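Notes to accompany the following structure.
Only a predicted model underlies this, so the values are computations on that prediction, with no experimental measurement involved.
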Amino acid sequence: MVQHSPACQGFIYIVLLRFLIGPCVWCAVLLVQLSLILGGAACYIKSFQCAGSSIFETGQQVAVAVTVTVQVAATNAATGSEATSEALTGDGADYGGVQYRTKSGYACETWGSGVASSYTNPPYTTLAGAQNYCRNPYVATQTNKASTIWCFTTDPQTRWEECTPVGVIQPVCASGYAVTSEEVRKVLEIAGYVVWGFAFIYWLLVCCFFDRIQLAIAVNKVAATFVSHTMRIIGVPIVQAVVGILWILLWGVSVSFLVSQVPADYTPTGAYTTYLEAYGSTNTTGACTDKWPTGSVYKDEDNCSLAVSSWRDMAAVEGVSDVFDYRFAVSFFVFLWNNALNIAIGQCIIAGAVGVWFFTPNAEKGKRGAIKTSVWNVFRYHLGSLAFGSFIIAVIQFIRYLMNYFEKQAKAQKNRVMALILRCLQCCMYCFEQCIRFLNKNAYIQIALMGTNFCTSAKKAFFLILRNALRFGTVALLSTMVNLIGFFFIVAASVGLGLSAGLARKNLMLAWPCMAM
């Protein structure tokens, strides 16, 4: 039986993108809008959700209340009628409004007909003019009384249900709220309004950037066409991954040797009378844990040469420890540089192949060796520029990891302030690194298309991004959406095909005895 791999579904998705990229992008845009609206609604509803009710039940009640309020207001506006008073006091015995649906949205039955036709005692017979509006009819001597207005419903499964007056959106919670804190409920309500504000701003941006979205769709469509014409381009990231894995394995073997070369005086070999002196506490360092990587200590009770039992460093006894010195730093920097160079070569090869394909006459697209030409250009002319750009990335990454190392040392020294400062600096360096990576990627594209050196290409890329910031942002955002849709498509297709194959095998095994007879 044929096995369907995720790569096959990915190929199918790329082919379908040529024809469905527009609907996919607009569906993604609408999904984001819908997510913002529903997110705001969830926060708003949670702010007054009653205890014992789910957020979906509360949401349904709110939806019914809003719908009825809008319908009644529209009817009054169309007919020119004056709005009926929806005043309700106490248990609603004096209510004379026009609510015709229950909290759950069931339509009310007309009083004296249908389900209510068998009820002939005075409280019901006096409601003949109330039509199908919610009421709370009872006599003063009646024992069982409803706590608020209600009505018989037209649903055969629900005989009757309580109502709320028209215009009352938030339900009254007699048993309290699901969120007990009033401050938290207020924060949730404000958060709902804020998210709805973002939804409105997002809608305005979609309207304003409609042309740019169309441009992004066209760019993604061209990219899908390029991949369908040059299928071997899919092999470039695969080769990158293989090279990267081999390089990581080779580096891991070499660096494991480096970190194991621990100097004789690096690990303390002395004995300490107390655990606090050896290991330290929450606020003080110990003699065996004053630097990172921190080890562990043990109580030496078997050494007869000592008058009393003592605490010693476990690494000093077992000979197990790691040291991060200048040799590891050099090796780690080379590791980062080679990783960045591997990524840069792949990006430049793909950019060059796209350039060769794009400027090839339509009749010859897919026939010329775009990848071969791009690979030759990269390794013959552009390798120095890519190495320089990768060097910049490696330096920034090395500084960030160095700060992480210093943060570990600060934690070992119980210096929480310095650890916090270094953590903040790492966040800043990470943001700076992402900006440089984005700039470098566009510089590599300039190198592949124009053949200029790295500095010139980076300068051109910077001003190109600056002049077309909105276009770049729109294309990047929509490309991320397309990737996300592709991810879900591949997962859903793999699960569906796997389930279908499993059911087919099961049916075949069940039918096999009958077929063999």
Going by atom type alone, with no hydrogens or angles, which donor-acceptor pairs under 3.5 Å involve a side-chain atom of residues 201-217 and a protein atom two or more places apart or on another chain?
residue, atom, partner, partner atom, Å
Y202, OH, V29, O, 3.1
Q214, OE1, W26, NE1, 3.4

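Ring geometry, W160 versus W150: the interplanar angle exceeds 60°, so the pair is classed perpendicular (tilted spans 30 to 60°). Below 30°, between 30° and 60°, or above 60°: for F226 and W357 the angle between ring planes is above 60°, a perpendicular geometry.
In this structure R437 satisfies the salt bridge (charged side-chain N to carboxylate O under 4.0 Å, His left out) test together with E433, sequence neighbours excluded. Remark: E407 pairs with K411, R423 by the salt bridge (charged side-chain N to carboxylate O under 4.0 Å, His left out) rule, at least two apart or across chains. Evaluation of the disulfide bond (SG atoms under 2.5 Å apart) rule for C151 yields C108 as partners, not counting sequence neighbours. With sequence neighbours left out, the side-chain contact (heavy atoms from CB on, under 4.5 Å) criterion links A65 to I169. The disulfide bond (SG atoms under 2.5 Å apart) check on C50 picks up C173, with sequence neighbours excluded.
With hydrogens and angles disregarded, a donor-acceptor distance shorter than 3.5 Å links the side chain of S47 to the backbone of Y44.
In this structure, S457 and I447 approach most closely via the heavy-atom pair OG-CG1, 3.2 Å.
Within a 6.0 Å sphere centred on CZ of F438, heavy atoms belonging to other residues, nucleotides or ligands number more than 12.
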Working for side chain to side chain contact (heavy atoms under 4.5 Å, CB included), residues R185 and Y177: CA-CA 9 Å; R185 292 200 303 271; Y177 296 94; 3.6 Å; yes
